[in-house]
Amino acid sequence: MRYPHQEIEAKWQKFWEDNKVFKTDMSNPDKKLYSLVMFIYPSGAKLHCGHWYNYGPADTYARFKRLQGHNVFAPMGYDAFGLPAENYAVKTGIHPYDSTMKNIEDIRAQLKRIGCMYDWDAELMTCVPEYYRWNQWLFLKLYEKGLAYRKNAPVNWCTGCQTVLANEQVLGDGNCERCGNIVVQKNLTQWFFKITSYAEELLAGLDTIKWPEKTKLMQRNWIGKSTGAEVQFTVEGSDEVITVFTTRPDTLFGVTYMTLAPEHPLVDKLADPARAEEIARYRDSIKALTEIERTSTTKEKTGVAIGAYAINPVNNERVPIMISDYVLLTYGTGCVMAVPAHDERDFEFAQKFNLPIRKVIVEPGTDADSELTAAYTEVGTMVNSGEFNGLQSDEFKEVIINWLSERSVGQKKINYRLRDWLISRQRYWGTPIPIVHCPTCGEVPVPIESLPVELPYNVEFKPTGESPLASCHEFINTSCPKCGGEAKRDPDTMDTFVDSSWYYFRYLNPKINDAMFDVERGNNWAPVDMYIGGAEHATMHLLYARFIHKFLRDIGMAKCDEPFQTLVHQGTITNQGAKMSKSKGNVVNPDEFIVNYGSDVFRMYLMFMGPYEMGGDWSDKGITGTDRFLLRSYELIQKYPGIIKSVTIPEKFALENLTDAEKTLYRKVNQTFDKYNGDIDNIRFNTAIAALMELLNEMGRSLAACNADLQAYVLERYICMLAPLAPHFAEECWEIIGKEKSLFAEPVWFTADPVALVEDSVNIAVQVNGKLRGTILAAKDADLETVKAQALAQESVRKHIEGKDLFKEIFVKNKILNLLVK
RNA sequence: GCCGGAGUGGCGGAAUUGGUAGACGCGCUGGACUCAAAAUCCAGUGAGGCUUAAACCUCGUGCCGGUUCGAGUCCGGCCUUCGGUACCA
């Protein structure tokens with residue numbers, strides 16, 4: 001008989017909701033535990049397996065902590081601004097606000113059917129002025145501190161979304177992270193947040209948080225710290241100075257030419273006018289290339305000489321200045337000193353253009369005159385470096401930096417690969433940027449008291465490459481806050497990653513209307529203790545949020561240094577090897593499983609499939625296993641209705657008073673409890689469930705033969721352990737055995753009896769010459785002599801030893817006896 | 001190219017510090033129940049050899065080598081695959 005999951009699940013969801021069981025008492029931060037999942041984008045599609053795989057297990061963790069007595073806060077909300085809603089409006093004419101609100105309604109209903117312990121009073125959405133005005137406030141605070149600024153720069157332009165993107169939002173193949181269309185470079189004036197000011201701290205902070213090493217490594221690489229020097233080269237016949245950044249100042253004597261980024265402003269100033277045409281032609285030729293082509297490591301080097309010469313400060317040598325697209329304007333100073341002997345790219349370039357290659361570091365085991373067939377980039381002995389010949393190159397590095405500093409032609413320098421965060425978007429459905437452009441006063445921030453700058457409802461949605469707000473007269477035309485004259489608002493909106501960079505604070509008191517968030521609660525509840533979400537945000541949301549958190553701390557709004565103390569990424573559930581997506585048509589709809597098996601079975605199956613962080617390929621093959629497991633549990637528990645009322649359960653049982661069957665089960669339940677705690681704490685749901693299955697199998701064998709006190713003891717613990725994994729089911733069972741209070745309303749947890757964790761006899765493997773020849777059951781901690789005697793009594797062991805010379809015995813207590821014979 | 005993860009039965013996957021490989025589940029096979037089927041329950045199930053059967057033997061954690069009494073686990077060299085990154089000076 002199938003247990004009535006539909007009834008049971010509806011019953012307990014109603015109970016939890018009616019009784020506000022999961023409303024968190026925010027005023028009590030003792031034993032607080034902030035458990036967060038990345039909030040949901042309210043698309044028009046239904047919740048899919050990926051959502052369930054994120055939210056179900058995360059809820060299991062939160063419920064586990066609640067049963068353990070923590071004051072758990074687990075909110076859910078909507079990341080409600082963003083392009084899909086606007087693209088949908090372009091296509092259908094349905095306003096993003098209307099479609100988003102409708103989607104939120106639908107998604108809320110679907111979320112509730114999962115049966116998570118969300119505190120629905122803390123729900124928030126980012127697309128309403130009550131929320132986004134604080135993005136504007138944040139913007140103005142950053143602006144005030146010089147950390148929000150506008151500049152003209154080469155930026156990523158998505159040809160599909162018709163807007164600029166941050167570097168983090170361009171995929172490795174040069175396509176848009178969101179829509180997959182090609183991203184091109186454009187020079188535009190855009191708003192940036194100065195995340196680079198926090199580069200060092202963002203790097204250092206990684207050592208203080210419990211995040212997957214993989215993710216931390218990705219952030220480290222993304223920040224890309226490199227230590228070296230800046231060196232100034234003068235230019236022959238000019239007052240201009242070329243500053244280069246190099247990690248290899250030890251190779252300065254090997255410089256044979258300079259390379260500038262083709263777009264570098266110095267090029268026009270320095271170039272020989274006779275070469276102007278050639279330079280223009282070169283610039284044109286690379287403009288036609290896509291970003292991928294231009295940055296491909298396999299592309300052959302190109303470039304031209306600009307007819308000017310730089311002077312090397314260490315030896316006053318005159319070297320030609322080249323331009324080449326392998327030098328990027330956006331990294332370092334946009335100028336490179338070229339040392340072909342000791343840099344692979346320079347080597348390749350020099351070979352192609354017949355530029356001199358001068359060795360200044362000798363590879364150990366070779367000599368100064370041997371020809372280089374490739375750049376030598378390791379440590380060696382200095383040559384051709386004047387007075388410094390004979391030094392080791394790594395020591396020389398320090399020496400030359402000091403030498404440069406003393407002469408004011410260079411200094412030690414740390415450089416980061418991280419660029420500032422481009423936050424403006426030429427789209428409608430986002431937070432308006434609170435800046436007014438005045439013909440007389442220039443760029444003027446909107447006064448904080450005039451916030452919010454509301455997003456107007458009536459606009460034309462056409463992806464023209466310009467924000468739809470620009471053609472909305474009632475919005476764009478305004479008066480200058482400074483001089484009162486006619487002025488225009490900034491037409492752009494903010495990247496939606498601004499919304500998500502501080503939402504975890506807003507959840508704590510989402511209705512507060514005189515501050516961005518409740519600072520006191522923030523100090524009590526931050527950081528988030530457990531954050532669960534996808535790994536795809538490693539260098540986007542998860543980096544931005546850390547930056548904004550540190551900024552908020554610096555303006556006195558937070559005490560802790562990091563937003564997310566522990567981070568876990570759920571793996572990806574694929575279908576036939578491919579990521580599930582609507583366009584591929586391979587999305588698995590959870591609905592039929594919910595109808596046929598119930599929410600509890602479905603979430604449990606997702607957890608049982610394998611390690612949470614690995615994800616895996618979808619198959620519904622095994623779901624009957626978890627279904628049968630709950631069914632068998634249900635049938636067993638139904639045999640003991642109200643048992644709790646007729647017994648008194650001791651905290652512990654004395655082993656000596658138990659029968660063999662009782663002893664076995666008593667040990668098993670305690671051992672399971674112990675393992676279960678460790679497993680859930682470490683997000684190993686699959687093995688926790690396996691342990692419960694083992695326990696159920698043992699209960700099937702021996703529960704009926706136990707005394708009633710022990711039966712109740714075992715059932716109580718068993719149901720508690722099931723509760724985080726199958727919450728509706730466990731509430732029902734809790735009631736069946738006679739509990740009057742809901743388990744989640746009145747959390748209960750236990751401690752394992754340490755005595756029961758230890759077995760009094762153990763299986764010991766007996767090997768002969770390393771091969772398993774038998775096992776024996778011995779008393780715990782039995783010594784070598786006892787075990788050996790038992791082993792030799794076994795025919796299977798003895799026959800491998802007889803007639804041979806036993807010369808060594810290796811014995812590991814309670815584990816193994818290895819007999820070596822000749 | 002570089003950085004990181006992963007390769008274990010027919011399948012998903014288990015295996016403290018090196019110590020009985022394959023827990024748990026699916027599937028499959030046989031049996032019970034049934035007029036029959038489904039569901040459920042019980043038993044078996046890594047491969048091969050030998051045997052009426054049991055016992056027993058050999059091989060087995062991507063490949064090749066090494067360390068060790070003993071390697072899925074440690075070391076060296078590869079292969080496959082999935083992520084990340086892409087001339088970062």
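Chain identifiers are assigned alphabetically (A, B, ...) following the order of the sequence lines, protein sequences preceding nucleic acid strands; residue numbering begins at 1 within each chain. Everything numeric in this text was worked out from a predicted model, so none of it was measured.
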Whether each nucleotide of nucleotides 15-25 of chain B has a protein heavy atom under 4.0 Å at its base (B), only at its sugar-phosphate (S) or at neither (-) is summarised, 5' to 3', as S-B-BB--BBS

If you apply the rule side chain to side chain donor-acceptor pair (under 3.5 Å), what do you find for A:Asn575 with A:Asp617, and how did you get there?
CA-CA 5 Å; A:Asn575 195 5; A:Asp617 203 50; over 6 Å; no

side-chain contact (heavy atoms from CB on, under 4.5 Å) partners of A:Thr624, counting only residues at least two apart
A:Tyr597, A:Arg628

Go through the structure and list residues passing side-chain contact (heavy atoms from CB on, under 4.5 Å) with A:Asn818, not counting sequence neighbours.
A:Gln767, A:Ile810, A:Leu820

Qualifying residues under side-chain contact (heavy atoms from CB on, under 4.5 Å), relative to A:Asp783, sequence neighbours excluded:
A:Glu785, A:Thr786

Looking across every strand, which nucleic acid part, if any, lies under 4.0 Å from A:Arg773 by heavy atom: base, sugar-phosphate, or nothing?
sugar-phosphate

For A:His569, all residues meeting side chain to side chain donor-acceptor pair (under 3.5 Å), sequence neighbours excluded
A:Thr215

Holding to side chain to side chain donor-acceptor pair (under 3.5 Å), I want the full list of residues that pass it with A:Arg417, two or more places apart in sequence or in another chain.
none

Sequence neighbours left out, what pairs pass salt bridge (charged side-chain N to carboxylate O under 4.0 Å, His left out) with at least one residue falling in residues 764-774 of chain A?
none

List in chain and number order the residues that pass side chain to side chain donor-acceptor pair (under 3.5 Å) with A:Ser761, two or more places apart in sequence or in another chain; answer none if no residue qualifies.
none

Pairs under 3.5 Å (N/O, protein and nucleotides 7-9 of chain B):
none

Under 3.5 Å, which donor-acceptor pairs link side chains of residues 683-698 of chain A to any protein atom two or more places apart or in another chain?
residue, atom, partner, partner atom, Å
A:Arg684, NE, A:Asp679, OD1, 3.2
A:Arg684, NH2, A:Asp679, OD1, 3.3
A:Thr687, OG1, A:Asp679, OD2, 3.0
A:Thr687, OG1, A:Arg684, O, 3.2
A:Glu694, OE1, A:Lys668, NZ, 2.9
A:Asn697, OD1, A:Arg632, NH2, 2.9
A:Asn697, ND2, A:Met693, O, 3.4
A:Glu698, OE1, A:Arg701, NE, 3.3
A:Glu698, OE1, A:Arg701, NH2, 2.9
A:Glu698, OE2, A:Ser702, OG, 3.0

Name all residues meeting the side-chain contact (heavy atoms from CB on, under 4.5 Å) criterion together with A:Ile414; count only those two or more places apart in sequence or in a different chain, and write none if there are none.
A:Lys225, A:Thr227, A:Tyr416

Using the criterion of both pairing distances under 3.5 Å for Watson-Crick and G-U wobble pairs, give all stems of 3 or more consecutive pairs involving RNA chain B.
B:1-7 with B:79-85, B:10-12 with B:24-26, B:27-32 with B:40-45, B:46-49 with B:56-59, B:62-66 with B:74-78

